[in-house]
Amino acid sequence: MSSLQPVRGTHDLLPETARRHRAVIDIARRVAECYGYQEIATPIFEFSEVFKRTLGDTSDIVTKEMYSFTDRGGEQLTLRPEATAGVARALISGGLSQQLPLKFFCHGPMFRYERPQKGRLRQFHQIDVELLGVAQPLGDIEVIALGAQILRELGVYDRVVLELNTLGDTESRQAYRAVLVDYFKAHRDRLSEDSLGRLERNPLRILDSKDEGDRRLVAEAPLFTDFLNDASRDFFAAVTAGLESLGIPYKLNPRLVRGLDYYCHTAFEFTTEALGAQGTVMAGGRYDGLVAMMGGPATPGIGWAAGIERLAMLLAAETPAIRPIAVIPVGAAEEAAALRLTESLRRAGITVDLGYGGNLGKRMKRANRMNASAAVILGEDEQARGVAAVRDLDSGEQEEVPLNALRDHLARYR
RNA sequence: GCGGGUGUAGCUCAGGUGGUUAGAGCGCCAGAUUGUGGAUCUGGAUGUCGUGGGUUCAAGUCCCAUCACUCGCCCCA
């Protein structure tokens with residue numbers, strides 16, 4: 001193995017993988033457009049403040065996972081660990097609040113300084129959807145339905161489960177949080193070490209602990225549903241009713257808690273068993289407080305992000321490269337004509353491979369290796385008669401086609 | 001950040017208890033086949049044995065460190 005290694009947790013997207021990624025992005029973009037979402041792109045780095053302020057000082061992302069650096073001008077910058085904060089910043093700095101509601105789709109690399117695992121990288125890629133300016137449950141329903149439809153079109157929907165929970169509005173959440181903290185503090189001695197830390201940082205997370213002792217304690221803990229106020233309860237009921245009316249099955253998971261501070265009401269994750277510990281394939285929720293927290297006008301929002309690497313790993317179907325037409329000059333005398341023919345076919349939008357050297361046999365081998373659908377063979381005879389030999393590389397059948405009819409003839413191989 | 005596993009050719013992997021020139025299959029290259037690919041046959045090339053140090057007369061093999069990957073925890077896409 002070479003000593004030239006890529007940076008830990010980063011990955012080259014070689015043609016086969018790149019094709020899979022592109023398939024995910026293309027399908028997601030197309031479906032998102034059907035729902036009226038427009039593609040945007042924000043910078044892959046922002047002032048560190050943008051993330052610090054929105055993700056919460058206690059979140060793992062901010063405390064230990066940010067790729068931050070000082071640039072030559074002394075600015076504190078951070079490679080984006082997620083997309084939502086940047087989109088919210090764009091909304092504010094672009095003065096887009098005048099045009100609400102806004103529906104955005106974007107995709108690109110994200111960066112987190114984590115210990116890599118399968119499906120967990122330091123540079124990874126996400127597709128992302130954000131709906132801004134819609135306070136009604138209809139927004140939550142649309143965004144989840146959009147995610148479900150993308151997963152369906154990708155052909156992974158049957159291996160994925162939609163888990164759903166509500167975090168309530170601020171009032172409900174703070175009431176519950178207080179009660180929960182009291183409860184766990186009363187049983188502090190029975191909490192795992194991890195959960196003692198969570199008690200300070202994000203007590204709701206204890207509900208999702210995998211520790212045996214914690215789980216026993218959690219089983220006795222007060223229930224969130226008992227602390228939801230009427231507005232929160234109604235809101236969530238409307239979301240679930242909407243999903244049911246669309247035939248989108250979901251599993252209520254009262255322990256589903258988002259890691260980031262800005263979430264409220266609907267929280268959801270599409271998860272799979274097929275990817276080991278990194279089973280979350282698409283996750284999101286409502287973030288009504290985010291834009292205001294950044295200093296913009298109070299703007300409700302809801303969205304999700306999905307990991308392209310994780311989706312690509314689930315993709316069952318191969319994503320083959322386009323099959324080219326191979327143009328093959330028999331001898332050196334035909335090379336110039338082959339070059340001109342190749343160029344004219346390419347200008348007509350046909351994918352053409354022209355080998356760079358070798359005799360007929362070598363070039364045929366290359367055509368085969370490139371998975372070419374047909375070979376257009378130009379020899380001395382053919383040239384003299386204004387035709388080319390066209391060989392179907394699947395059937396092995398060969399026929400002569402006049403040069404001026406070639407372009408139309410090749411259409412059958414697309 | 002914590003704990004376990006792995007690292008030999010481009011890929012998948014063999015290489016009992018240390019012992020001379022490190023192997024296989026697939027792939028790659030060349031030839032049989034200088035106007036016809038796939039199949040077959042023949043031949044060929046490719047390794048700082050992840051890296052660095054140590055033990056030893058001798059290390060792919062044992063020890064330590066380090067890097068990367070991997071499984072789990074933490075957390076998350």
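All values below come from the heavy atoms of this structure, side chains included, with hydrogens, waters and symmetry mates left out. Order of the sequence lines fixes the chain letters, A, B, ..., with proteins taken first and strands second; residue numbering starts at 1 for each chain. Just so we're clear, the structure is a prediction, and the values are computed from it rather than from any experiment.
Within residues 305-313 of chain A, the residues approached by RNA chain B to less than 4.0 Å at the level of any non-hydrogen atom are A/A305, A/G307, A/R310, in residue-number order. Within residues 8-37 of chain A, the residues that place at least one heavy atom under 4.0 Å from RNA chain B are, in residue-number order, A/R8, A/G9. Near-neighbour residues of RNA chain B inside residues 115-126 of chain A, defined by a heavy atom below 4.0 Å, number-ordered: A/R115, A/P116, A/Q117, A/K118, A/G119, A/R120, A/L121, A/F124, A/Q126.
Pair assignment for B/rA32: B/rU40, on the basis of Watson-Crick or G-U wobble contacts that are both within less than 3.5 Å. Pairing for B/rC69 is with B/rG5, a Watson-Crick or G-U wobble pair whose two hydrogen-bonding atom distances lie under 3.5 Å. The nucleotide B/rA14 finds no pairing partner, because no Watson-Crick or G-U wobble arrangement with both distances shorter than 3.5 Å includes it. The nucleotide B/rC57 finds its pairing partner in B/rG19, both defining distances of the Watson-Crick or G-U wobble pair being shorter than 3.5 Å.
Both A/Y113 and A/L275 lie near RNA chain B, and the one whose nearest nucleotide falls closer to the 5' end is A/Y113. Between A/P6 and A/G279, the residue anchored closer to the 5' end of RNA chain B is A/P6, taking for each the nucleotide with the nearest heavy atom.
The side-chain hydrogen bond (donor to acceptor under 3.5 Å, both in side chains) check on A/R120 picks up nothing, with sequence neighbours excluded. Under the rule for a side-chain hydrogen bond (donor to acceptor under 3.5 Å, both in side chains), the partners of A/R391 that lie at least two apart in sequence or sit in another chain are A/Q398. Every residue two or more places apart in sequence or in another chain that forms a side-chain hydrogen bond (donor to acceptor under 3.5 Å, both in side chains) with A/E343 is listed here: A/R347. With sequence neighbours excluded, the residues satisfying side-chain hydrogen bond (donor to acceptor under 3.5 Å, both in side chains) with A/D140 are A/T266, A/R286.
Applying the side chain to side chain donor-acceptor pair (under 3.5 Å) definition to pairs two or more places apart or across chains, those involving residues 158-169 of chain A are A/E163-A/N253, A/E163-A/T271, A/D169-A/S172, A/D169-A/N229, A/D169-A/S232. Sorted by first and then second residue, the ring pair (Phe, Tyr, Trp, His ring centres under 6.0 Å) pairs involving residues 127-181 of chain A (not counting sequence neighbours) are A/Y176-A/F224, A/Y176-A/F227. Listed by first and then second residue, the side chain to side chain donor-acceptor pair (under 3.5 Å) pairs that reach into residues 14-26 of chain A are A/D26-A/R29, sequence neighbours excluded.
Taking atom P on both B/rG38 and B/rA32, the two are 13 Å apart, rounded to the nearest angstrom. Of the P atoms belonging to B/rA14 and B/rA9, the separation is 12 Å, rounded to the nearest Å. Spacing of P atoms, B/rU61 relative to B/rU48, comes out at 16 Å, to the nearest Å. Going from the P atom of B/rA24 to that of B/rA65 covers 36 Å, rounded to whole Å. Atom name P, nucleotides B/rC11 and B/rU70: the rounded distance is 15 Å, in whole Å. Atom name P, nucleotides B/rC57 and B/rG52: the rounded distance is 23 Å, in whole Å. One C1' atom belongs to B/rU42, the other to B/rA22, and the distance between them is 25 Å to the nearest Å. Here, B/rU56 and B/rG19 have their C1' atoms 12 Å apart, quoted to the whole Å.
Counting to the nearest Å, the C1' atom of B/rC75 and the CD atom of A/E269 are 11 Å from each other. Rounded to an integer number of Å, the gap from A/D211 CG to B/rC74 P is 9 Å. In this entry the distance linking CD1 of A/I206 with P of B/rC74 reads 13 Å, nearest Å. A/R215 has its CZ atom 13 Å from the C1' atom of B/rC73, to the nearest Å. The interatomic distance linking A/D208 (CG) with B/rC75 (P) rounds to 8 Å, in whole Å. The distance between atom CD of A/E65 and atom P of B/rC2, rounded to the nearest whole Å, is 15 Å. Protein atom CE of A/M66 is 17 Å distant from nucleotide atom P of B/rG1, rounded to whole Å. If you take CG of A/L79 and C1' of B/rA77, they are 16 Å apart, rounded to a whole angstrom.
The side-chain tip of A/R323 does not point at the ring of A/Y413 from less than 6.0 angstrom away and within 45° of straight on.
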Can I get a per-line list of side-chain donor-acceptor pairs under 3.5 Å for residues 128-138 of chain A, giving both atom names and the distance, sequence neighbours left out?
from	atom 1	to	atom 2	distance (Å)
A/E130	OE1	A/Y287	OH	2.4
A/E130	OE2	A/T84	OG1	2.9

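Within the 4.5 Å cutoff, no side-chain heavy atoms of A/V376 are placed close to those of A/V352.
When the options A/R346, A/R366, A/R369 are evaluated for a salt bridge (charged side-chain N to carboxylate O under 4.0 Å, His left out) with A/D353, the one that passes is A/R366.
A/M282 comes within contact range of the sugar-phosphate backbone alone, with a heavy-atom separation under 4.0 Å but no base atom that close.
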- Message: Output one letter per nucleotide in nucleotides 26-37 of chain B: B when a protein non-hydrogen atom lies under 4.0 Å from the base, S when only the sugar-phosphate is that close, - when neither is.
- Response: ---SSS---BBB
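A/E335 contributes atom CD, which lies 10.5 Å from atom OG1 of A/T342 (distance to the nearest 0.5 angstrom). Between the CG atom of A/L406 and the OG atom of A/S344 there is a distance of 8.0 Å, given to the nearest 0.5 Å.
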- A/R190 vs A/D214, salt bridge (charged side-chain N to carboxylate O under 4.0 Å, His left out): CA-CA, chis, key distance, verdict: CA-CA 7 Å; A/R190 289 169 59 193; A/D214 288 349; over 6 Å; no
- Task: For the pair A/E244 and A/Y250, evaluate side chain to side chain donor-acceptor pair (under 3.5 Å) and give the outcome as yes or no after the intermediate values.
- Result: CA-CA 9 Å; A/E244 279 158 31; A/Y250 59 88; 2.4 Å; yes
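For A/E400, the CD atom sits in a packed shell: over 12 heavy atoms of surrounding residues, nucleotides or ligands are nearer than 6.0 Å.
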